[in-house]
J.: 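Before I ask anything, let me first share the structure, which is written out below as structure tokens.
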Amino acid sequence: MRELKETLRQAVKDLFNIDIEPELTRPEEQFGDYSTNVAMQLAAKLGKPPREIADALASKLQATEMVSKTEVADPGFINFFLSDRVLLDNMKRQPAKTYEGQTVVVEYSDPNPFKVLHVGHLYTSVVGDAIANLFEAGDAKVARVNFGGDVGLHVAKTMWAVLNELDYFSQNEPKKDIETIPEDQRNTWLSERYVEGAKAYEENPEVKQMIIELNHRIYDLFPKDSDKDPEFGHIYWTTRAWSYDYFNQFYSQIGTKFDKYYPESETIELGLKTVRENIGKVFEESNGAIVFKGEVHNMHTRVFINNQGLPTYEAKDVGLILKKWGDYHFDKSIVITGNDIYEYMQVVLKAIEQIAPELAQKTTHVTHGMVKVAGGVKISSRLGNIIRAEDVLAAANDANKQANQRENFDVALGAVKYAFLKNRIGADFIFDPAESVKLEGNSGPYLQYAYVRARSILQKSSNKGQLLDENLQADERSLVRKIGEFTEVVEQATAELLPSHICTYLYELAQNFNRFYEKNRILGDEKEALRLKLADAYAKTLKNGLQLLNIPVPEKM
RNA sequence: GCCCCCGUAGCUCAGCGGAUAGAGCAUCUGUCUUCGGAACAGAGGGUCGGCGGUUCGAAUCCGUCCGGGGGUACCA
């Protein structure tokens with residue numbers, strides 16, 4: 001409420017000749033629509049009791065068009081009650097265009113080709129989508145990007161097992177053709193190879209050596225040229241394509257769409273070049289490797305180029321940040337990852353800060369916790385004791401089907417997404433697929449259903465509703481007040497990078513409406529016109545909010 | 001050892017400097033032949049991990065201790 005803040009600032013200036021930035025908060029409903037603590041802040045400065053200051057300010061602010069009532073409460077809160085007119089107008093507000101003209105790059109999900117998508121990928125995809133959407137709501141130009149390791153030791157491990165499976169290490173001729181793997185099994189088959197390769201790498205020194213050599217051979221395929229190492233190249237490029245197909249298919253299933261994939265292979269050249277150019281300035285040689293000494297910055301040392309001359313993840317990340325900059329010239333770059341790589345990223349960003357300070361300064365690293373699945377989802381030991389992303393969705397879908405004797409993937413997906421999003425980003429949390437689809441209480445389906453109900457009422461009437469009657473009764477007023485908070489919540493969620501605020505708000509909003517709806521008629525009531533308008537504003541807000549979270553909004557369930 | 005994150009009701013989590021600490025689930029009690037009840041109303045249940053400090057005011061900020069998780073040179 002910019003206007004109210006201005007009025008307040010002016011009043012403080014007039015009365016006490018002090019310039020302050022007054023704080024306006026949303027108090028509990030009983031206390032009013034907005035509240036300020038300026039009197040407490042000024043008390044020490046003025047040497048007066050806060051209550052006295054509050055009284056003076058309140059009487060000065062008594063009668064304005066916006067505010068119908070001002071109250072002072074102990075120890076010195078000033079509470080403002082908005083007029084019904086203003087409250088009704090607030091329902092029409094749009095989120096502030098805080099990021100107009102800005103470009104925001106959001107990187108998330110980041111699965112590695114040749115490996116399986118697990119719950120963690122599902123989680124960061126959901127959270128990343130929501131954060132990206134929030135910035136779009138603030139009018140930013142948003143690029144959703146995805147970084148993944150198509151080169152590196154994990155790929156070499158997979159390729160070893162692939163070659164082994166295709167008889168490349170035996171005397172048998174001819175070798176098996178990669179294309180003979182049935183299409184619907186390809187991705188699982190490939191993920192199993194990774195687990196196999198990783199195991200062999202640990203257990204068999206001979207294999208370990210082969211894998212290390214394969215790693216070089218993979219790097220040597222780049223830059224891409226179909227004539228390089230043709231037989232091996234064919235297998236690599238074919239299986240790599242399988243992985244990206246699988247990713248795209250999965251993302252489309254959950255309604256995610258990336259603007260750009262950054263395979264690690266595309267960041268190597270720039271990463272290596274940048275690190276090498278800065279040896280002696282930022283990086284130094286140590287035991288044959290190129291490292292960044294973090295200790296002077298109260299961090300730890302990390303290797304950027306290993307003693308075989310290959311880039312580690314660190315050098316690739318340097319390349320990635322520079323690539324992103326070249327592609328987007330972003331105002332803000334957000335990278336969402338698990339909190340296990342917090343310290344790692346601190347070091348990388350510190351290194352980049354020495355090379356391109358403005359890029360480090362524009363980058364925000366959001367770290368999230370681990371999703372611990374409570375039960376009801378199978379754990380795949382063949383794929384390395386992980387919970388696959390697709391199994392989580394399947395479990396939610398089954399639970400929903402059982403509870404409702406009917407399949408509706410939108411509901412299952414909404415349940416999972418909401419269960420993920422309602423938690424504050426940061427700490428580990430437990431996800432219970434059965435609980436999330438229960439459709440009661442604070443859940444995605446509750447909100448979807450709330451929307452469906454409201455739409456159903458609206459569709460029964462040809463009356464579009466009107467705001468003729470501006471005398472709101474208590475529960476009408478409460479609903480209007482809540483709807484009007486939406487844009488503020490969106491702005492806060494964006495600024496704090498916390499979509500969970502939207503979840504909390506939407507649930508409170510739906511409860512508010514359900515309470516109203518329980519006690520009052522809409523259709524056929526003498527206040528039908530007003531109430532239809534409220535129901536319409538409510539439904540639209542609910543839909544906007546769910547769409548911001550990228551949760552499906554079905555019209556019927 | 002050093003660094004980072006987490007510890008709020010039986011369980012899962014909100015709240016992150018303000019007014020009696022909130023919700024969902026679970027337990028118990030009501031409403032109820034619905035504008036779609038996947039709802040609504042109510043009850044019980046809390047040393048906000050412990051101890052200090054800062055502040056008019058601390059679950060929230062700082063210090064310290066305890067408990068859990070993660071990171072700490074050629075993995076990502």
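Every chain is numbered from 1 and lettered A, B, ... according to where its sequence line falls, protein lines coming before strand lines.
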J.: For the backbone of A/Val303 and the side chain of A/Thr312, can you confirm whether one donor and one acceptor N or O come within less than 3.5 Å of each other?
T.: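 Judged by distance alone, yes, a pair lies under 3.5 Å.
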
J.: A/Ala73 side chain: which of B/A19, B/C35, B/C40 is closest?
T.: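 Of the options given, the side chain of A/Ala73 lies nearest B/A19.
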
J.: For nucleotides 65-74 of chain B, tabulate all protein N/O to nucleotide N/O atom pairs closer than 3.5 Å, reporting atom names and distance.
T.:
from, atom 1, to, atom 2, distance (Å)
B/G70, N2, A/Glu343, OE2, 2.2
B/A73, N1, A/Ser286, OG, 2.8
B/C74, O2', A/Asn306, ND2, 3.3
B/C74, O2, A/Asn307, N, 2.8
B/C74, N4, A/Asn287, O, 3.3

J.: Taking atom C1' of B/G24 as reference, at what distance in whole Å does atom CZ of A/Phe429 sit?
T.: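 Rounding to the nearest Å, CZ of A/Phe429 and C1' of B/G24 are 16 Å apart.
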
J.: Apply the test ring pair (Phe, Tyr, Trp, His ring centres under 6.0 Å) to residues A/Phe31 and A/Phe77: give CA-CA distance (whole Å), side-chain angles for both, the deciding distance (0.1 Å), then the verdict.
T.: CA-CA 10 Å; A/Phe31 296 125; A/Phe77 292 105; 7.8 Å; no

J.: What about the rings of A/Tyr236 and A/Phe114, do their centers lie closer together than 6.0 Å?
T.: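 Yes, the ring of A/Tyr236 comes within the 6.0 Å limit of the ring of A/Phe114, centre to centre.
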
J.: Within this structure, what is the CZ-to-P distance between A/Phe31 and B/A21, rounded to whole angstrom?
T.: 11 Å

J.: Rounded to whole angstroms, how far apart are CD1 on A/Ile78 and P on B/A19?
T.: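 Value for this atom pair: 17 Å.
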
J.: Tell me whether A/Asp33 is salt-bridged to A/Arg481, with the criterion being a basic N under 4.0 Å from an acidic carboxylate O.
T.: yes

J.: Between P on B/A26 and CG on A/Asp432, what's the gap in Å once rounded to a whole number?
T.: 12 Å

J.: Tell me, please, which residues at least two apart from A/Ile321 pass side chain to side chain contact (heavy atoms under 4.5 Å, CB included).
T.: A/Leu349, A/Ile352, A/Leu359

J.: May I have all residue pairs that pass ring-ring contact (aromatic ring centres under 6.0 Å, His included) and include part of residues 295-321 of chain A, sequence neighbours excluded?
T.: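 Pairs touching residues 295-321 of chain A that pass the test: A/Phe147-A/Tyr313, A/Phe283-A/Phe304, A/Phe292-A/His297, A/Tyr313-A/Tyr344.
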
J.: What's the closest nucleotide to the side chain of A/Tyr449 if the choices are B/G37, B/C40, B/A76?
T.: B/G37

J.: Expressed as a whole number of angstroms, how long is the span from A/Tyr108:OH to B/A76:P?
T.: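 These atoms are roughly 24 Å apart.
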
J.: Could you check which of B/A19, B/A76, B/A39 has an atom nearest any side-chain atom of A/Glu440?
T.: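 Selected nucleotide: B/A39.
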
J.: Is there a donor-acceptor contact under 3.5 Å linking the side chains of A/Asn423 and A/Tyr123?
T.: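 The criterion, which ignores hydrogens and geometry beyond distance, is not satisfied for A/Tyr123 and A/Asn423.
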
J.: Short of 4.0 Å, heavy atom to strand atom, which residues of residues 489-502 of chain A count as contacting RNA chain B?
T.: A/His501

J.: Closest to the A/Lys556 side chain: B/A23, B/U20, B/G36?
T.: B/G36

J.: Compute whether any side-chain donor of one residue and acceptor of the other, for A/Asn520 and A/Asp525, lie under 3.5 angstrom apart.
T.: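 There is no such pair (donor and acceptor under 3.5 Å, judged by atom type) between the side chains of A/Asn520 and A/Asp525.
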
J.: When you measure from the side chain of A/Gln448 to the backbone of A/Pro554, do you find a donor-acceptor pair of N or O atoms at a distance under 3.5 Å?
T.: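 It does not hold such a pair.
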
J.: Answer yes or no: is there a donor N or O on one side and an acceptor on the other, between the side chain of A/Asn204 and the main chain of A/Ala200, under 3.5 Å?
T.: no

J.: Rounded to whole angstroms, how far apart are CG on A/Asn37 and C1' on B/G18?
T.: 7 Å

J.: Starting from P on B/A41, measure out to CG on A/Asp475 and report it in whole angstrom.
T.: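 After rounding, the reported distance stands at 11 Å.
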
J.: What's the closest nucleotide to the side chain of A/Arg453 if the choices are B/A39, B/C75, B/C13?
T.: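 The closest nucleotide is B/A39.
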
J.: Using the C1' atom on both, measure B/G15 against B/U29 and round to a whole Å.
T.: 29 Å

J.: What residues, two or more places apart in sequence or in another chain, satisfy side chain to side chain contact (heavy atoms under 4.5 Å, CB included) together with A/Asn112?
T.: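 By the side chain to side chain contact (heavy atoms under 4.5 Å, CB included) rule, A/Asn112 matches A/Lys115, A/His154, A/Glu264.
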
J.: Is any NZ, NE, NH1 or NH2 atom of the basic residue among A/Arg193 and A/Glu196 found under 4.0 Å from an Asp or Glu carboxylate oxygen of the other?
T.: yes

J.: With the side chain of A/Arg521 defined as its heavy atoms from C-beta on, choose the nearest nucleotide among B/C35, B/A23, B/G18.
T.: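 Of all the options, the side chain of A/Arg521 is nearest to B/C35.
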
J.: What would the secondary structure line of RNA chain B be in dot-bracket form, counting Watson-Crick and G-U wobble pairs under 3.5 Å, with [ ] for pairs that cross earlier ones and | for pairs with another strand?
T.: (((((((..((((....[...)))).(((((.......))))).....(((((..]....))))))))))))....

J.: Choose from B/G36, B/G18, B/U20 the nucleotide whose nearest atom is closest to any side-chain atom of A/Phe77.
T.: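 Of the options given, the side chain of A/Phe77 lies nearest B/G18.
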
J.: If you go through the side-chain atoms of A/Asp317, does one of them form a donor-acceptor pair with the base of B/A76 closer than 3.5 Å?
T.: no

J.: Atom CG of A/Asn514 and atom P of B/A41: how far apart are they, to the nearest Å?
T.: 9 Å

